[in-house]
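For reference, the structure discussed in these notes is given below.
No hydrogens, no waters, no symmetry mates; every other heavy atom, side chains included, goes into these values. Note that ligands are numbered from 1 as they come in the structure, with each ligand's atoms numbered from 1 the same way.
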Amino acid sequence: MAKIKKKIKTIKIDADKCNGCRACEIVCSGFHANPKYSTINPARSRIQVITDRLKDIWLPVFAGEYTPAECMGRDKYIIDGKEYDECSFCRASCPSRDLFKEPDSGLPLKCDMCEDEPPQEKPLCVQACLNDVLIYEEREEEVEEETRSEDLEAGVNALIDKYGLQKVMDTVARVLQSE
Ligand code: SF4
Ligand code: SF4
C-alpha cells in the first residue's frame, strides 16, 4: 500500500492543573453547532471533564471511537490515592453511558481536532483553557494511505444499530429518489 505523510496532532493533558472551569466544553459545543456558535450545550462537547468534587477529581477526556457494545470487564484506576470511577478514562461512545452522544439523536460524537476551513491555529479547547492543561503538538509521520472513511463508517454503523439496517436503507433510497 502507498505511503503518505500524515500530520499527527496530539493534545497532551496535564490533568493536575484542571480546575473544572469547563471553558473547553463550552467552546467545543459552540464551535460544532450549526451554524457555528448558534448554541452552547456542553452535553454536545467532544471533550468532557469527568468530575468528582469530593475526591478533588477533574479529568478532561476527549471523545474517541464509537463502539456498538459495552466491554465485558471494567478497570479502576487509583492515582495519587484518588480512586477513579470505572470508565473514567475511556474515550468510547458506548451504550453503557450517555457520554459522547449527540443528546437529541443519540449519534456518536468524536473529537475531530477542530478540522475546518480555514484551519484553526490550535484546537478551540486548547485556546480556551487558560490553565495550560491542554497542550497542543504536531508532528509528521509516514503512514499507509487510508482507503476508507472511518468516521463515516462509524456514523452509519451507529444509525444501523439504532434504527436497523432496513430502515436506514429505506431512508437512503427515499433521499436518493427525491434528489
Ligand atoms: S478549560 Fe482547562 S481548566 Fe477548564 S475544565 Fe477545560 S481543561 Fe480544565
Ligand atoms: S480539539 Fe476541537 S473537537 Fe476536539 S474536543 Fe477540542 S474543541 Fe472539541
Quick one: which ligand 2 atoms are inside 4.0 Å of a heavy atom on [X]?
| X | answer |
| --- | --- |
| Asp112 | 3 (S) |
| Phe62 | 5 (S), 6 (Fe) |
| His32 | 3 (S), 8 (Fe) |

- Task: Under 4.5 Å between side-chain heavy atoms, chaining through other members, with only Ile, Leu, Val, Met, Phe, Trp and Tyr counted: pull out the rest of the cluster around Ile135, sorted by chain and number.
- Result: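 Hydrophobic cluster check, Ile135: no partners found.
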
Considering only the protein, which heavy-atom contact is closest to [atom], and what is its distance?
| atom | value |
| --- | --- |
| atom 1 (S) of ligand 2 | Pro123 CB, 3.4 Å |
| atom 4 (Fe) of ligand 2 | Cys111 SG, 2.4 Å |
| atom 2 (Fe) of ligand 2 | Cys114 SG, 2.2 Å |
| atom 8 (Fe) of ligand 2 | Cys28 SG, 2.3 Å |

- Query: According to the side chain to side chain donor-acceptor pair (under 3.5 Å) rule, which pairs have a member within residues 118-133, sequence neighbours left out?
  - Reply: Asn19-Asn131

- Message: How long is the straight-line distance from CZ of Arg139 back to CD1 of Ile8, given to the nearest 0.5 Å?
- Response: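 Going from CD1 on Ile8 over to CZ on Arg139, the span is 5.5 Å.
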
Might you point out which heavy atoms bring [X] and [Y] nearest each other, and give the distance in Å?
| X | Y | result |
| --- | --- | --- |
| Phe62 | Cys125 | CE2-SG, 3.8 Å |
| Trp58 | Gly20 | CE3-CA, 3.7 Å |
| Ile40 | Gly30 | CD1-CA, 3.7 Å |
| Lys110 | Gly64 | CG-O, 3.2 Å |

- Query: Atoms of ligand 1 less than 4.0 Å from Asn19 heavy atoms?
  - Reply: 3 (S), 4 (Fe)

- Query: What do the steps show when you test Thr10 against Tyr136 for side-chain contact (heavy atoms from CB on, under 4.5 Å), and what is the final call?
  - Reply: CA-CA 6 Å; Thr10 305; Tyr136 181 64; over 6 Å; no

- With atom 6 (Fe) of ligand 1 as the centre, enumerate protein N/O/S atoms below 2.8 Å in chain and residue order.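 Counting only protein N, O or S atoms under 2.8 Å from atom 6 (Fe) of ligand 1, the list reads Cys24 SG.
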
- Query: In terms of side-chain geometry, is the basic nitrogen of Lys12 or Glu137 positioned less than 4.0 Å from the acidic oxygen of its partner?
  - Reply: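 Looking at Glu137 together with Lys12, the answer is yes, because their closest N to O distance falls below 4.0 Å.
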
- Note on the structure: Residues pairing under salt bridge (Lys or Arg N to Asp or Glu O under 4.0 Å) where one sits in residues 35-48, two or more places apart or in two chains, turn out to be Lys36-Asp116, Arg44-Glu102, Arg44-Asp104

